[in-house]
Amino acid sequence: MTSTPEASFRDRVLSLVARIPEGRVMTYGQLALLAGQPGAARQAGYVMNALMGGSDLPWQRVINAQGRVSTHKLGFGDMQERLLMSEGVAFDSSGRCDLARLQWWPPEAAPASPERLL
DNA sequence: TCTATGACTTTGG
DNA sequence: CCCAAAGCCATAG
């Protein structure tokens, strides 16, 4: 094949999102990193914005590095948090969840230290 | 081709 | 804890 763009940054991000297990989350920066573009967190968000929640992907499992959702100002209200809570994700009164415990890493990109929980 | 945009991140006050 | 500014880079027009 001639110069086939293997997969756009966009496609890689969406593929990763599709693989996030229920009750787990990934951050924009993490998606960018695993998509091969460390530092392109904003673009990961740009890709998600293009979905506008009209996708079959578990878009609600993508949150920011602070452990909070970034869709409040977009007309989603607190829908994302509710969707995540229905999957078992707990948010504190500040609207943050425990990233250290809930952030998911694909097996092939698992961090060196698989911190065992509990 | 160039400019503008943005569901981010990090750092500093 | 809250707020502001700078850095970041793929997409859209």
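Atoms considered below: every heavy atom in the structure, side chains included; atoms not considered: hydrogens, waters and symmetry mates. So you know, we letter chains A, B, ... as the sequences are listed, proteins then strands, and number each from 1.
Within the nucleic acid shown, A/Arg12 has no heavy atom closer than 4.0 Å to any nucleic acid atom. Using a 4.0 Å heavy-atom criterion, one finds that A/Gly75 contacts no nucleic acid atom at all.
With sequence neighbours left out, the side-chain hydrogen bond (donor to acceptor under 3.5 Å, both in side chains) criterion links A/Arg82 to A/Asp78. Contacts of A/Arg12 classified as salt bridge (Lys or Arg N to Asp or Glu O under 4.0 Å), with partners at least two apart in sequence or in another chain: A/Glu6. With sequence neighbours left out, A/Arg19 forms a salt bridge (Lys or Arg N to Asp or Glu O under 4.0 Å) with A/Glu108. Scored by the side-chain hydrogen bond (donor to acceptor under 3.5 Å, both in side chains) test, A/Thr27 finds no partners at all (sequence neighbours excluded).
Rounded to whole Å, the distance from CG on A/Leu31 to C1' on B/dT9 is 14 Å. The separation between A/Met52 atom CE and B/dA7 atom P is 10 Å, rounded to whole Å. Rounded to an integer number of Å, the gap from A/Asn49 CG to B/dT5 C1' is 10 Å. The CG-P distance, from A/Leu57 to B/dA7, rounds to 18 Å in whole Å. The interatomic distance linking A/Trp59 (CH2) with B/dA7 (C1') rounds to 9 Å, in whole Å. Here B/dC8 presents its C1' atom at 14 Å from CD of A/Gln103, a figure rounded to the nearest Å.
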Which pairs of donor and acceptor atoms, one on a side chain in residues 50-63 of chain A, lie under 3.5 Å apart (sequence neighbours left out)?
from, atom 1, to, atom 2, distance (Å)
A/Ser55, OG, A/Leu57, N, 3.0
A/Gln60, NE2, A/Glu87, OE2, 3.1
A/Arg61, NE, A/Glu87, OE1, 3.0
A/Arg61, NE, A/Glu87, OE2, 3.1
A/Arg61, NH1, A/Ile20, O, 2.8
A/Arg61, NH2, A/Glu87, OE2, 2.9

Without placing hydrogens or testing angles, list every side-chain donor-acceptor pair under 3.5 Å for residues 34-41 of chain A, not counting sequence neighbours.
none

Below 3.5 Å is the cut-off: list the nitrogen or oxygen pairs between protein and nucleotides 10-12 of chain B, distance only.
none

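Under the ring pair (Phe, Tyr, Trp, His ring centres under 6.0 Å) criterion, no residue pair touches residues 82-102 of chain A, with sequence neighbours excluded. Note on residues 21-51 of chain A: no pairs pass ring pair (Phe, Tyr, Trp, His ring centres under 6.0 Å), not counting sequence neighbours.
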Problem set entry | Sequence-aligned protein contact record of nucleotides 7-13 of chain C, with B where the base is within under 4.0 Å of a protein heavy atom and S where only the sugar-phosphate is | BBBBBS-

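Non-hydrogen atoms lying under 4.0 Å from DNA chain B are contributed by nothing in residues 81-89 of chain A.
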